[in-house]
Amino acid sequence: MHEASRREKLREIAALGVDPWGGRFDDRQWIGDIRARAAEVTYRLESGGELPLPELQAEGFDLRAWKSQHGAGTIVGPAVRAAGRIVLQRPTGKLIFLNIRDWTGDIQLFVGQKQVGEADFALAKQFDLGDIVGVDGQLGYTNTGELTIFAEKLHFLCKAVEPPPEKHHGLTDPELRQRMRYLDLIYTPGVLLRFLDRTKIVHAIRRTLAADGFVEVEGPTLHAIAGGAAARPFITHHNTLDIHLYLRIALELHLKRLLVGGMERVYELGRVYRNEGISPRHNPEFTMLEVYQAFGNYETMMELTERMILAALDAIGGGYRRPWGDAVIDFAPPFARATYDELVQQHAGVAADDHAALARLARELGFPPEGKHLDVIKSFVFEEHVEPRLTGPVFVLDYPASICPLTKRCRDNPQRAQRFELFIQGMEIANAYTELNDPDLQEELFRTQLEGLPEDESMARMDHDFVRALRHGMPPAGGLGVGIDRLVMLLTGAQSIREVILFPLLRPVD
RNA sequence: GAGGAUGUAGCUCAGUCGGUAGAGCAACGGACUUUUAAUCCGUAGGUCGCGGGUUCGAGCCCCGCCAUCCUCACCA
C-alpha cells in the first residue's frame, strides 16, 4: 500500500547513517527572508566586473540569452541555509529540482549529483513529497530565471510516512480540510496566512488596550450560574463538590465584579461556550473580548472599538477597503453612526413610534404582534428587516430600554438605553453599554427577565452575589463585547466561521 | 430539529440504459544535469460511506442509518 514504499525509504535513509526524524538545525533563514535577498545575486564576468541581474520575474525571461549578450561569466549569490517541506519534486536523472515550503514561502532547490556529491545525492533520491529537508547552498538563478538555492549540502529533517494531498488540487473536501487542518494549513493557499492574520488581529487589539492602560485578566470558565447573556449553557459536574457547573456563556458578570474591586480598566479575551446550533456563523465555542472602563460610557467604548479595528487592519495590511464575498467593506474612519429608530425609519420605512405600522410589518414578516410590547415588535422588525441591510460598518445607537437588562437608561429619555451595536455585513460585531450600576434596578430587571424565560431554560438563575457586588458600588463605566471570530471573518474575507477557527467542532469519527 | 446536496483508489474527479471499476496526480521500475503541476515508456493500486431489499445481475433502483456541506429554526 501507499505507506510501504515510504517506510522502505525510511529504512534506507537510516542505512545511509542519517536520522530520518532529524534534529536541531540552527541558523537557517526563513524562505521569505532568503527571497528578499534576490537583489544580492549578481553576474560575475570572466572579463572582470559584476553586473546586477535584471528583474527576473518577467514572464518568458531567458537567462541564457541575457548571458550570451553580456559575455561569459558566472552567477554568484549569498550562501543561505533553509529548511522546509518538499511540495514538488522534478527529478531529471542526475539532477533533481525540489520546491520546499516553510511558513514564509516556497523556494526551488537545485540538487545536482556532481554539486552535492554521491552521498547526498543518494539521500536526495530517497526524498518523498511531504518530507522535511534542510539545505545549505548558494542563492542564484536557473536558466529560466527562477530564484533557486543551488544545493551544496543536504540535511534530512523528517520523514512523512503518509502521502500528501494531490499536488495541484490540494485538499478541497471541506470535511477533510477541517478534520486534517494540519494538511489544510500546508496545502490550501491562504489558510496559514489567514490564521497568522488572526493572531496579528488579536495582538493588535491587545496592544491597543495595553496602550490605554487596560489590564488583561482570566475569569473562571466554570460557572455555578451561567449569566451575562441569554444562551443555553453546556453543563458539567464537579465530583468533589458534587455540583453541576456551567461552561461560561459570557465574561460580563465577573469582569464587573472586578470593576467593583477597583480594577478600573479591565478586559478578558477568551473562549465562551454556548450549547446552540452550528452554522457558517456559529461555533459552540467562540472567542469574545469584553472590556470595562470605569468612568467611561458607551461613547468611550465606541471610540475604542473603532481604534481597535483600525489597529487590526493596519496590523494585517492591505488598506481599509476589504473584499468580503461579492461585497467590499469600507472601514475608512469614522464609521457611520445612526440611532436605532432612525434605521427603523430608513430601512423599514416606518416611524419608530408608529405602533400600528410596526405591527402590520411584523405580521407580514411572520410575527404575530398581538399582545406584544411595542419594543418587542420593533426589535423583531429590526432583526428581520433592518439588520440584514446594515452592510456597515455602522454603529447603531440608543436601543429600546426594555430589551437591555444590563444597561443604563438615557438621562433625557428612560425609554432608551445607552447601548450601541456595531453592524458589518448584517452581522453584530460589537455590543456596548453604559453599564447599569443601580443594584436595585438591576435586580428588578433580572427578575423580569427570568420570569419571561420558557421552562426549558429554567437553569438560568438570579446571580445574587453579582447584585450584592453592585450594592457595594460599581463605578459608572462603559462596557464592550466583541465577537472576535466574526471580526476576523470580516477583516480576512472569510465566509465561514470555520475558516477562522483552527479546530471547529465536528462529530468525532472512529 | 426540518428540508436539499454530496459520499467511487492516498488526493482531485469521471462512471451513459442496471451487464467484468475508469482517468489524472501520488506510488513502484526504467530514461534524462536547467526543470516549473517536468516529460517519455512500463507496473501496481478498489469493503463504490454503512446495513438491508428488488433483480439472473446493483456504483447506478428502493428502504434505513452515518458523516459533511448549504438553507431554515435556536443563537453571536
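By convention in this document, chain letters (A, B, ...) are assigned in the order of the sequence lines, proteins followed by strands, and residues within each chain are numbered from 1. This structure is a prediction, so every number in the text was calculated from the model and none was measured.
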Distance-only donor-acceptor hits, side chain of residues 92-99 of chain A, under 3.5 Å, sequence neighbours excluded:
from	atom 1	to	atom 2	distance (Å)
A:T92	OG1	A:L95	O	3.2
A:N99	OD1	A:R90	NH1	3.4
A:N99	OD1	A:R90	NH2	2.9

> Expressed in angstrom and rounded to an integer, what is the separation of A:L63 atom CG from B:U35 atom C1'?
Replying inline: 14 Å

> Relative to each other, are the rings of A:F423 and A:F382 parallel, tilted or perpendicular (30° and 60° limits)?
Replying inline: perpendicular

Solution key, residues 388-406 of chain A side-chain donor-acceptor pairs under 3.5 Å, sequence neighbours excluded:
from	atom 1	to	atom 2	distance (Å)
A:R389	NH1	A:H385	O	2.6
A:D398	OD1	A:Y298	OH	2.7
A:Y399	OH	A:E421	OE1	3.0
A:S402	OG	A:D375	OD2	2.7

>> Roughly how many Å apart are B:G4 and B:A76, using the C1' atom of each and rounding to a whole number?
In response: 26 Å

> Does the side chain of A:K167 get closer than 4.0 angstrom to OP1 or OP2 of B:U12 through an N or O atom?
Replying inline: no

> With both distances under 3.5 Å as the test, what is the Watson-Crick or G-U wobble partner of B:C69?
Replying inline: B:G4

>> So that I can tick it off, tell me whether A:R198 and A:D485 are bridged by a salt bridge, with the cut-off set at under 4.0 angstrom between side-chain N and carboxylate O.
In response: yes

> Counting only side-chain N and O atoms of A:R90, is one of them less than 4.0 Å from OP1 or OP2 of B:A38?
Replying inline: yes

> Just checking A:G277: base, sugar-phosphate only, or nothing, at a heavy-atom cut-off of under 4.0 Å?
Replying inline: base

> Say you pick atom P in B:A73 and the same atom in B:A58; how far apart are they, in whole Å?
Replying inline: 44 Å

>> What is the distance, to the nearest angstrom, from the CG atom on A:L98 to the P atom on B:U35?
In response: 16 Å

> Nearest to the side chain of A:T148 - B:A37, B:U35, B:A76?
Replying inline: B:U35

> Roughly how far apart, to the nearest Å, are B:C74 and B:U12 at atom C1'?
Replying inline: 37 Å

> What's the CG-P distance between A:L10 and B:A27, to the nearest Å?
Replying inline: 16 Å

> side chain to side chain donor-acceptor pair (under 3.5 Å) with A:R507: which residues, sequence neighbours excluded?
Replying inline: none

> For atom P, what is the distance between B:G64 and B:G57, given to the nearest Å?
Replying inline: 23 Å

>> Using whole Å, what does the distance between atom C1' of nucleotide B:C11 and atom CG of A:L183 come to?
In response: 10 Å

All N/O contacts under 3.5 Å from nucleotides 41-45 of chain B to the protein, with atom names and distances to one decimal?
none

I'd like a table of donor-acceptor pairs (distance under 3.5 Å, sequence neighbours excluded) in which one partner is a side-chain atom from residues 66-76 of chain A, with atom names and distances.
from	atom 1	to	atom 2	distance (Å)
A:S68	OG	A:R64	O	3.4
A:S68	OG	A:A65	O	2.9
A:H70	ND1	A:W66	O	2.8

> Taking the nucleotide of RNA chain B with the closest heavy atom to each, which residue, A:L129 or A:L171, is nearer the 5' end?
Replying inline: A:L171

> What pairs of residues pass the salt bridge (Lys or Arg N to Asp or Glu O under 4.0 Å) test when at least one of them lies in residues 122-144 of chain A, not counting sequence neighbours?
Replying inline: A:K9-A:D128, A:R81-A:D136, A:D128-A:K159, A:D131-A:K159

>> For nucleotides 29-34 of chain B, give me one character per nucleotide, 5' to 3': B if any protein heavy atom sits under 4.0 Å from the base, S if the only such contacts are to the sugar-phosphate, - if neither.
In response: ---BBB

>> Say we look at B:G15 and B:A27: how far apart would their P atoms be, to the nearest angstrom?
In response: 27 Å

> Partners of A:E12 by salt bridge (charged side-chain N to carboxylate O under 4.0 Å, His left out), sequence neighbours excluded?
Replying inline: none

> Checking all strands, does A:N283 fall into the base, sugar-phosphate, or nothing category for heavy-atom contacts under 4.0 angstrom?
Replying inline: base

> Are any of A:S5's side-chain N or O atoms less than 4.0 Å away from OP1 or OP2 of B:A27?
Replying inline: no

> What interatomic distance, in whole Å, is found between C1' of B:G45 and the corresponding atom of B:U39?
Replying inline: 23 Å

>> Whether A:E50 and A:R44 form a salt bridge (side-chain N of Lys/Arg under 4.0 Å from carboxylate O of Asp/Glu) is what I want to check.
In response: yes

> Of A:I186, A:D197, A:L185, which meets side chain to side chain contact (heavy atoms under 4.5 Å, CB included) against A:L192?
Replying inline: A:L185

>> Taking pairing as Watson-Crick or G-U wobble with both contacts under 3.5 Å, can you name the mate of B:G24, or confirm there isn't one?
In response: B:C11

>> Applying salt bridge (charged side-chain N to carboxylate O under 4.0 Å, His left out), can you list everything that pairs with A:E268, at least two apart in sequence or on another chain?
In response: A:R248

> Atom CD1 of A:I424 and atom C1' of B:A76: how far apart are they, to the nearest Å?
Replying inline: 14 Å

>> In whole Å, I'd like the distance from the CG atom of A:L422 to the P atom of B:A76.
In response: 16 Å

> Taking atom C1' of B:A26 as reference, at what distance in whole Å does atom CD of A:Q89 sit?
Replying inline: 11 Å

Please produce a list of atom pairs where a protein N or O lies less than 3.5 Å from an N or O of nucleotides 67-70 of chain B.
from	atom 1	to	atom 2	distance (Å)
B:A67	OP1	A:R507	NE	2.4
B:A67	OP1	A:R507	NH1	3.2
B:A67	O3'	A:R179	NH2	3.4
B:A67	O2'	A:E175	OE1	3.3
B:A67	O2'	A:E175	OE2	2.6
B:U68	OP1	A:R507	N	2.9
B:U68	O4'	A:E175	OE1	2.9
B:C69	OP1	A:Q178	OE1	3.4
B:C69	OP1	A:Q178	NE2	3.0
B:C69	OP1	A:R498	NE	3.3
B:C70	OP2	A:R498	NH1	3.2
B:C70	OP2	A:R498	NH2	3.3

> For residues 169-181 of chain A, which residue pairs qualify under salt bridge (Lys or Arg N to Asp or Glu O under 4.0 Å), counting only residues two or more places apart or in two chains?
Replying inline: A:E175-A:R179, A:R177-A:D184, A:R177-A:E499, A:R181-A:D184

> Taking atom C1' in both B:A9 and B:C48, what distance in whole Å separates the two?
Replying inline: 10 Å

> Of the nucleotides B:G10, B:A76, B:A38, which has the atom closest to the A:P163 side chain?
Replying inline: B:G10

>> Going by purine N1 to pyrimidine N3 plus the second Watson-Crick contact, or the G-U wobble pair, all under 3.5 Å, which nucleotide sits opposite B:U39?
In response: B:A31

> Taking any strand in view, what nucleotide pairs with B:G64 in a Watson-Crick or G-U wobble way, both distances under 3.5 Å?
Replying inline: B:C50

>> Closer than 4.0 angstrom, basic N to acidic O: yes or no for A:E435 and A:K408?
In response: no

>> Taking any heavy-atom pair under 4.0 Å as a contact, classify A:Y187: base, sugar-phosphate, or nothing.
In response: nothing

>> Can you check the distance between B:C66 and B:G51, where both ends of the measurement are the C1' atom (answer in whole Å)?
In response: 10 Å

> Under 4.0 angstrom, heavy atoms only, what part of the nucleic acid is A:G170 near: base, sugar-phosphate, or nothing?
Replying inline: sugar-phosphate

> With sequence neighbours left out, what residues match A:E40 under salt bridge (charged side-chain N to carboxylate O under 4.0 Å, His left out)?
Replying inline: A:R37

> Can you tell me how far C1' of B:A27 sits from CZ of A:F127, to the nearest Å?
Replying inline: 18 Å

>> Categorize A:H168 for me: base, sugar-phosphate, or nothing, with a 4.0 angstrom heavy-atom threshold over every strand shown.
In response: base

